[in-house]
Amino acid sequence: MKTIDDLDVAGQRVFVRADLNVPLSGGRITDDGRIRAVAPTITKLLERGAKVIVASHLGRPKGEPDPQYSLAPVAVRLGEILGKPVAFATDTVGDSAKATVAALADGEVTLLENLRFNAGETSKDDAERGAFADQLAALADRYVGDGFGAVHRKHASVYDLPARLPHAAGLLIEKEVGVLKKLSEDVARPYVVVLGGAKVSDKLAVIDNLLGKADKILVGGGMAYTFLKALGHEVGISLLQEDQIPVVLEYLERAKANNVEFVLPVDVAVSANFPDTKTHAPVPDYEVVDADKIPATKEGLDIGPKTRELFAEKLADARTVFWNGPLGVFEHPTFAEGCKAVAQALTDSDAFTVVGGGDSAAAVRILGFDETKFGHISTGGGASLEYLEGKTLPGLAALEG
Ligand code: ADP
Ligand code: MG
């Protein structure tokens, strides 16, 4: 994979595909980690005299402009982080983008509006995607892929555009891929994996692969309830993917056969209602119950204190840790304890610790942990998972060529 050092960029229009898909609440950026993560690449290109065109997606608009997914607030924050003005184009390949790019002097930067305001970006039709990539290519002379969080997507700006321009990987992708290589090739043992998040189906393929690699797998979050149900426990109104029960049972069997220690919650925090993550209103019926005694009317929303202790114990001797997916609904403070306990165990540990997943990475920062105490906080959830599943990622393959 070529790096930006291999690319002549002085005086050139350089298209940087970033992942600026940050969490927003009422137009306010609640975690700017992804913006900060791509800043070094942009700064380096600007210092070398490039005209930098930054582009990203934000959320899931339906292929047409939708103001709630505008990147305008991101342009402001990017400017603050870079310490220089960022010209914002109010479209992606239209008059505003063309005029803004044409006005760039060497060492200046613009951010285009949300790529997904154009149906061609995510189209399954190669020709439609290709046509959009052609329009993007007309804006630039060089391509730098640095949107790690999107490299698992076969999208126009990720997959088709690099084929049309001299290209290289940015500093963030270089770093992310280096870390994932370390997790997949010569991993230091014990290798402990902590998995959480909402849907078990998102994480099945990675569990499948990790059953041949990890020494311990600790499961919390919404996905744990499908495992608890598979073991015959009542899970009340907790998140459940009943159709996945045969799969998770097979995994539990295989874990035994492969000598992988599989650890499920022994107690959970429950409530009859999903907590209000905006107002943080108190949860009057909050209680902690054993994992095999979840009331039929209640929902498991976090791991309990015994489980937190158990997980910390299992993490204590780790030399490598990969954590993906929140252990509870951390967006409400009452159910953030599981995430806090695991984040604390990781910051206390001497292991090489990697946090992957948009929400998990945001949780670490929102809960006030010092990012520098982790080995690496990845900007890509789906992308890191698919890499660890052993899949070929379209956005990385496109940069190889
Ligand atoms: P990541 O982005 O880190 O990969 P996911 O997107 O898989 O993580 O899952 C994140 C979401 O999972 C969070 O919004 C969190 O509130 C939710 N979650 C965690 N535990 C539970 C639970 N017990 N019940 C419902 N949702 C949960
Ligand atoms: Mg997520």
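Order of appearance sets the numbers: ligands from 1, and atoms from 1 within every ligand.
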**Q** Applying a 4.0 Å heavy-atom criterion (strictly less than), which segment of Leu239 is in contact with ligand 1: side chain, backbone, both, or neither?
**A** side chain

**Q** Given Lys298 and Glu287, is the salt bridge (Lys or Arg N to Asp or Glu O under 4.0 Å) satisfied, shown in steps?
**A** CA-CA 10 Å; Lys298 294 207 169 178; Glu287 63 175 319; 3.0 Å; yes

**Q** Can you find a side-chain donor-acceptor pair between Glu176 and Ser378 that sits under 3.5 Å?
**A** yes

**Q** Only one of Ile53, Leu104, Thr43, Ile42 passes side-chain contact (heavy atoms from CB on, under 4.5 Å) with Val109; say which it is.
**A** Ile42

**Q** Give me the nearest non-hydrogen protein atom to atom 24 (N) of ligand 1 as residue plus atom name, then the distance to 0.1 Å.
**A** Gly300 O, 3.7 Å

**Q** Atom 27 (C) of ligand 1: which protein heavy atom is closest, and how many Å away?
**A** Val329 CG2, 3.6 Å

**Q** Quick one: nearest non-hydrogen protein atom to atom 18 (N) of ligand 1, plus distance?
**A** Gly328 O, 4.0 Å

**Q** Taking both backbone and side-chain atoms of Asp202, is any N or O found less than 3.5 Å from an N or O belonging to ligand 1?
**A** no

**Q** Which of the N/O/S atoms in Asp359 sits closest to the Mg ion (ligand 2)?
**A** OD2

**Q** For Tyr225, counting its heavy atoms only, list the atoms of ligand 1 lying under 4.0 Å from any of them.
**A** 23 (N)

**Q** Under 4.0 Å, heavy-atom basis, I'd like to know which part of Phe335 is in contact with ligand 1: side chain, backbone, both or neither.
**A** neither

**Q** Counting heavy atoms only, which part of Leu385 comes closer than 4.0 Å to ligand 1: side chain, backbone, both or neither?
**A** neither

**Q** For atom 8 (O) of ligand 1, state which one of Gly357, Gly381, Ala224, Pro326 supplies the nearest heavy atom.
**A** Pro326

**Q** From the options Lys203, Glu299, Lys199, select the one whose nearest heavy atom is closest to atom 7 (O) of ligand 1.
**A** Lys203

**Q** Could you list the atoms of ligand 1 found under 4.0 angstrom from a heavy atom of Leu301?
**A** 23 (N)

**Q** Return the option from Gly358, Ser378, Gly325, Gly222 holding the heavy atom at the smallest distance from atom 21 (C) of ligand 1.
**A** Gly222

**Q** Between the side chains of Thr90 and Glu113, is a donor N or O closer than 3.5 angstrom to an acceptor N or O?
**A** no

**Q** Report the relative orientation of the aromatic rings in Phe335 and Tyr286; use parallel for angles under 30°, tilted for 30 to 60°, perpendicular for over 60°.
**A** tilted

**Q** Using every non-hydrogen atom in the two residues, find where Ser157 and Pro162 come nearest and quote the distance to one decimal.
**A** O-CD, 4.2 Å

**Q** Return the closest protein heavy atom for atom 13 (C) of ligand 1 as residue, atom name and distance.
**A** Glu331 OE2, 3.3 Å

**Q** Taking 4.0 angstrom as the limit, do Glu121 and Arg17 come out as a salt bridge?
**A** yes

**Q** Note the single closest protein heavy atom to atom 12 (O) of ligand 1, along with its residue, its atom name and the distance in Å.
**A** Ala198 N, 3.3 Å

**Q** Taking atom types as modelled, find out whether Asp267 and Thr307 have a side-chain donor-acceptor pair closer than 3.5 angstrom.
**A** yes

**Q** Give me the nearest non-hydrogen protein atom to atom 3 (O) of ligand 1 as residue plus atom name, then the distance to 0.1 Å.
**A** Ser360 OG, 2.4 Å

**Q** Output the list of atoms in ligand 1 that are nearer than 4.0 Å to some heavy atom of Asn324, sorted by atom number.
**A** 4 (O)

**Q** Please step through side-chain contact (heavy atoms from CB on, under 4.5 Å) for the pair Phe15 and Val144, ending with a clear verdict.
**A** CA-CA 6 Å; Phe15 187 101; Val144 171; over 6 Å; no

**Q** Only heavy atoms count here, so choose which of Val355, Asp302, Asp359 is nearest to atom 10 (C) of ligand 1.
**A** Asp359

**Q** Do you see a donor-acceptor pair shorter than 3.5 Å between the side chains of Asp125 and Ser123?
**A** no

**Q** Can you confirm if the aromatic rings of Phe262 and Phe227 lie within a centre distance of less than 6.0 Å?
**A** yes

